[in-house]
2 protein chains.
Amino acid sequence: MSEQGGFTASARHRDIPEASVARLPVYLRALSGLADAGHVTVSSEGLATAAGVNSAKVRKDLSHLGSYGTRGVGYEVDELVHHISNALGLTQRWSVVLVGVGNLGHALAGYAGFASRGFRIAGLVDADPARVGERVAGLTVRSIDELAEVVTTGGVSIGVIATPAGAAQVVCDQLVAAGVTSILNFAPTVLQVPDGVELRKVDLAVELQILSFHEHRKSVSGAVGA
Amino acid sequence: MSEQGGFTASARHRDIPEASVARLPVYLRALSGLADAGHVTVSSEGLATAAGVNSAKVRKDLSHLGSYGTRGVGYEVDELVHHISNALGLTQRWSVVLVGVGNLGHALAGYAGFASRGFRIAGLVDADPARVGERVAGLTVRSIDELAEVVTTGGVSIGVIATPAGAAQVVCDQLVAAGVTSILNFAPTVLQVPDGVELRKVDLAVELQILSFHEHRKSVSGAVGA
DNA sequence: GCTTGTGAAACCGTTCACAGCG
DNA sequence: CGCTGTGAACGGTTTCACAAGC
């Protein structure tokens with residue numbers, strides 16, 4: 001396939017800036033809403049409003065996927081959904097293992113958007129022997145000792161950690177050792193991963209503390225002036 | 001005191017860049033760990049490692065709070081915790097109302113870090129009459145109709161939305177109308193808020209789709225070269 | 001000598017504004 | 001004429017590199 005041949009379309013993926021990538025899922029959701037409301041096409045302005053951003057951002061973001069708009073008209077909703085899904089790799093079904101089936105783990109396992117967006121829960125595992133065997137969201141909880149097996153036989157590439165903080169790093173290491181290359185961490189702790197493993201985190205306490213900062217700032221400046 | 005006296009310390013708050021603010025809670029957590037491990041002082045390098053960032057970032061971030069380090073030595077752990085807590089407004093106890101007591105709401109209500117970090121759940125409310133009256137995490141679930149009262153009498157400034165997507169915007173509007181000025185949204189939908197209301201969101205589907213992008217990218221480029 | 005605190009440089013992301021095109 | 005796609009300007013963030021100071 002010569003030096004640059006054979007991946008005209010795929011090659012684009014490499015150049016989408018991280019900030020744009022983070023917004024594409026939001027556009028996807030906004031587009032679902034627009035499609036349900038019967039819209040066939042949408043302008044950057046319309047999509048921007050639905051997604052809670054501004055239209056320049058939408059156009060810049062979409063330009064990274066290619067030129068799929070029509071000047072004077074806008075974007076075709078269905079087509080755009082297709083191109084964004086492509087860019088995000090949502091045309092294939094990714095398998096996920098969820099570690100930690102406590103309160104939060106239960107909630108995550110039961111989350112409908114999991115399956116509806118093309119993610120398959122390949123397994124639920126927990127370190128607590130009392131929980132092993134329990135049925136959650138149609139699956140049987142397995143022992144943490146079987147983690148590697150679940151990952152291998154389930155073709156798992158994404159791990160979700162919903163354990164207590166103290167167990168998270170060990171679990172993380174086990175996931176990486178088993179071959180998982182993307183991890184979503186809900187445990188309130190900082191995790192270390194080797195290069196090449198994508199790590200994202202969701203942290204209630206951090207979010208609340210950021211909001212606290214803004215409340216505090218308002219109350220300080222509000223007490224004086226404007 | 002003197003020319004601009006009265007808020008020598010507090011005035012700093014206004015100038016902390018958003019990116020720094022988002023990292024301060026992470027430093028706080030890392031510092032707890034270091035304190036538990038018996039460290040009295042820590043260098044920017046040590047804190048950086050514990051927090052998963054680099055040391056230049058730590059120094060820049062901390063410099064926004066003031067000059068609390070000792071050259072040649074580092075920062076005193078306790079003192080730093082104190083200054084960061086101050087900057088984040090964690091010296092006062094913020095009251096939170098949690099709307100939506102489904103699977104996720106249960107998990108959030110039960111989250112220990114809620115209380116331990118100085119946040120008080122002033123009330124749990126739900127729209128489902130079947131859930132009203134239920135005891136969750138030591139609190140009685142109240143009707144959504146009582147939201148405004150909970151906010152007012154509880155001195156609530158932060159609202160957490162854990163409802164289904166369809167209900168989130170209505171709940172959000174009610175929170176804002178009741179006087180809440182910071183909102184943390186767990187519902188998988190884009191919310192609109194007026195200026196002056198701080199909105200943050202946590203979205204499992206978005207996080208998974210971002211990870212999907214990176215997995216996809218790896219599998220595409222991995223198939224060809226390096 | 002070792003580490004902070006910080007200007008300066010490099011980088012990235014956002015916004016502007018308009019040429020290009022349906 | 002309206003809206004996309006995009007260079008160019010701008011602002012914020014990260015990184016560099018070193019002078020200042022314990």
Side-chain angles (χ1 to χ4, degrees), chain A residues 9 12 14-27 30-31 34 39-81 83-84 87 195 210 213-214 217, chain B residues 9 12-27 30-31 34 39-81 83-84 87 195 210 213-214:
Chain A
R12 288 195 179 280
R14 298 179 308 141
D15 287 66
I16 307 179
E18 198 50 41
S20 286
V21 171
R23 281 186 296 265
L24 293 180
V26 180
Y27 298 154
L31 288 167
L34 290 166
H39 288 72
V40 176
T41 62
V42 65
S43 66
S44 61
E45 189 61 43
L47 180 51
T49 304
V53 301
N54 65 50
S55 61
K57 223 178 261 184
V58 168
R59 290 198 299 278
K60 250 292 153 56
D61 287 342
L62 296 184
S63 77
H64 292 115
L65 313 184
S67 261
Y68 300 124
T70 308
R71 290 167 200 241
V73 179
Y75 304 87
E76 218 193 305
V77 173
D78 286 352
E79 197 190 341
L80 204 47
V81 166
H83 287 302
I84 295 177
D195 284 1
I210 294 171
F213 170 83
H214 291 289
R217 199 173 52 77
Chain B
R12 286 197 181 279
H13 292 170
R14 298 181 307 141
D15 287 68
I16 307 179
E18 198 51 41
S20 286
V21 171
R23 281 186 296 266
L24 293 180
V26 180
Y27 298 154
L31 288 166
L34 290 166
H39 289 72
V40 176
T41 62
V42 64
S43 66
S44 61
E45 189 63 42
L47 179 51
T49 303
V53 301
N54 65 49
S55 62
K57 223 179 264 184
V58 168
R59 290 198 300 278
K60 250 292 152 58
D61 288 343
L62 296 184
S63 77
H64 293 115
L65 313 184
S67 261
Y68 300 123
T70 309
R71 291 166 198 242
V73 179
Y75 304 87
E76 219 193 303
V77 173
D78 285 352
E79 196 190 342
L80 205 46
V81 166
H83 287 302
I84 295 177
D195 284 1
I210 294 171
F213 170 83
H214 290 290

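Source: prediction; values computed, not measured.
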Can you check each nucleotide of nucleotides 14-22 of chain D against protein heavy atoms at under 4.0 Å and return B for base, S for sugar-phosphate only, - for none, in 5' to 3' order? SB-B-BBBB
Are B/Ser20 and B/Lys60 close enough that some pair of their side-chain heavy atoms sits under 4.5 Å apart? no
Heavy-atom side-chain contact between B/Tyr75 and B/Leu31 under 4.5 Å: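 B/Tyr75 vs B/Leu31: side chains apart.
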Please confirm whether the shortest side-chain N or O distance from B/Tyr75 to OP1 or OP2 of C/dG5 is below 4.0 Å.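 For C/dG5, OP1 or OP2 has a side-chain N or O of B/Tyr75 closer than 4.0 Å.
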Suppose the criterion is salt bridge (Lys or Arg N to Asp or Glu O under 4.0 Å): which pairs have a residue in residues 66-80 of chain A, not counting sequence neighbours? none
Spacing of A/Tyr27 atom OH and A/Asp61 atom CG [to the nearest 0.5 Å]: 3.5 Å
From B/Leu24 atom CG to B/Leu62 atom CG, the distance as rounded to the nearest 0.5 Å: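 Here the interatomic distance stands at 7.5 Å.
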Please set out all donor-acceptor pairs under 3.5 angstrom arising from side-chain atoms of residues 46-59 of chain A, sequence neighbours excluded.
residue: A/Thr49; atom: OG1; partner: A/Glu45; partner atom: O; Å: 3.0
residue: A/Asn54; atom: OD1; partner: A/Ala56; partner atom: N; Å: 3.3
residue: A/Asn54; atom: OD1; partner: A/Lys57; partner atom: N; Å: 3.0
residue: A/Ser55; atom: OG; partner: A/Glu45; partner atom: OE1; Å: 3.2
residue: A/Arg59; atom: NH1; partner: A/Ser44; partner atom: OG; Å: 3.1

Expressed in angstrom and rounded to an integer, what is the separation of [X] atom [atom1] from [N] atom [atom2]?
{"X": "A/Leu62", "N": "D/dG5", "atom1": "CG", "atom2": "P", "value": "8 Å"}
{"X": "B/Asp15", "N": "D/dT13", "atom1": "CG", "atom2": "C1'", "value": "15 Å"}
{"X": "A/His64", "N": "C/dC12", "atom1": "NE2", "atom2": "P", "value": "12 Å"}
{"X": "A/Glu76", "N": "D/dC3", "atom1": "CD", "atom2": "P", "value": "17 Å"}
{"X": "B/Leu65", "N": "C/dT4", "atom1": "CG", "atom2": "C1'", "value": "14 Å"}
{"X": "B/Leu80", "N": "C/dT4", "atom1": "CG", "atom2": "C1'", "value": "12 Å"}

Which residues in residues 40-47 of chain A have a heavy atom closer than 4.0 Å to any atom of DNA chain C? none
Residues that B/His214 engages under ring-ring contact (aromatic ring centres under 6.0 Å, His included), provided they are two or more places apart: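 Testing B/His214 for ring-ring contact (aromatic ring centres under 6.0 Å, His included), a comparison that skips the adjacent residues, returns none.
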Of all the heavy-atom pairs spanning B/Ala87 and B/Ile16, show the shortest one and how long it is. CB-CD1, 4.3 Å
Shortest non-hydrogen separation from A/His39 to A/Val77 and the atoms involved: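 Closest approach of A/His39 to A/Val77: O-CG2, 3.6 Å.
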Using C1' atoms of five pairs at each end, report the bend of the helix from C/dG1-D/dC22 to C/dG22-D/dC1 rounded to 10 degrees. 10°
